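Data first, discussion second: the structure below is written as structure tokens.
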Amino acid sequence: NAGVTQTPKFRILKIGQSMTLQCAQDMNHNYMYWYRQDPGMGLKLIYYSVGAGITDKGEVPNGYNVSRSTTEDFPLRLELAAPSQTSVYFCASSAGSRNGYTFGSGTRLTVV
Amino acid sequence: DQQVKQNSPSLSVQEGRISILNCDYTNSMFDYFLWYKKYPAEGPTFLISISSIKDKNEDGRFTVFLNKSAKHLSLHIVPSQPGDSAVYFCAARENSGNTPLVFGKGTRLSVIA
């Protein structure tokens, strides 16, 4: 049982490049989330989805886009990468809004 | 504006003693609180939770206390073990809609053998 799988684990981007952080879960969870963790700053919500075809902005959505075409996948797209997007990105899923989250192991992104 | 505050960035405790991690919140709509534990290079994992209808929840060595009037919760670990060394995040959820969890900044616990 893989749970939540994030790829890649590490990535270095140049300023202005774009990339997609992949997230897949095999638990048939309806709810999925993207958080970023900056040093000493805790976890901040970027985007979330309550089901296929539905996405909502979180606290820090600027510079990111998401899509949710299937229940399993919730990719996070970075367009025109900036140094401020250097962070560790965590994807999570939950069975419902009142359930605990299962997190992936994270993607460490550096923008230079 | 931080809704969930963990004011102690770090805490060191001797093995076998009690670890107390604190968390304060400002949103009176929060009705469910969780603690997550995070090791380096891993995602956070769920540790223990408490509903606002309770003031205490216990699971083995871990106990969470909730003081609603003070908008304060704490996580007690007794006895502390070296394997408990990790970052602990406090999180909270509102009692309506599909609002996601709000996390604090975390407290790094070091248990010294």
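Just so it is clear, the model here is predicted, and its values are computed rather than measured. The analysis underlying the following values was restricted to heavy atoms, covering all of them including side chains, and did not include hydrogens, waters or symmetry mates. A note on names: the letters A, B, ... follow the listed sequences, proteins ahead of strands, and every chain is numbered from 1.
Placement of Y32(B) and V4(B) in two distinct hydrophobic clusters is found when ILVMFWY residues are connected by side-chain heavy-atom separations under 4.5 Å, directly or transitively. V4(A) and F74(A) are members of different hydrophobic clusters when ILVMFWY side chains are connected at heavy-atom separations under 4.5 Å. Under the 4.5 Å side-chain heavy-atom criterion for ILVMFWY residues, no single connected hydrophobic cluster contains both Y25(B) and L34(B). Both L21(B) and F62(B) are assigned to one and the same hydrophobic cluster, defined by single-linkage of ILVMFWY side chains at heavy-atom distances under 4.5 Å. The hydrophobic cluster containing F103(B) also contains F90(A), counting ILVMFWY residues as joined when their side-chain heavy atoms lie under 4.5 angstrom apart, directly or transitively.
Among G104(A), G106(A), S105(A), the residue with the largest count of heavy-atom pairs under 4.5 Å with chain B is S105(A).
Only the side chain of L45(A) comes within contact range of chain B, judged by heavy atoms closer than 4.5 Å. When heavy atoms are compared at a cutoff of 4.5 Å, Y101(A) approaches chain B by way of both its backbone and its side chain. Heavy atoms of A41(B) lying under 4.5 Å from chain A belong exclusively to its backbone. For chain A, the nearby parts of P100(B) are the backbone and the side chain; heavy atoms of each come within less than 4.5 Å.
More than 12 heavy atoms of other residues, nucleotides or ligands lie within 6.0 Å of CD1 in I54(A), so this atom counts as buried by the packing criterion. R61(B) CZ: more than 12 foreign heavy atoms inside a 6.0 Å radius.
Residues P44(B) and L43(A) come closest through the heavy atom pair CG-CD1, 4.1 Å. Considering all non-hydrogen atoms of both residues, G42(A) and F89(B) come closest at CA-CE2, 3.8 Å. Heavy atoms only, all atoms of each residue included: K38(B) and Q37(A) are closest at CE-OE1, 3.5 Å.
The closest donor-acceptor contact from the side chain of R93(B) to the backbone of N99(A) lies under 3.5 Å.
Among Y48(A), Y33(A), Y35(A), the single residue meeting the side-chain contact (heavy atoms from CB on, under 4.5 Å) criterion with L101(B) is Y35(A).
Remark: aromatic rings of F103(A) and F46(B) are distant, center separation not under 6.0 Å.
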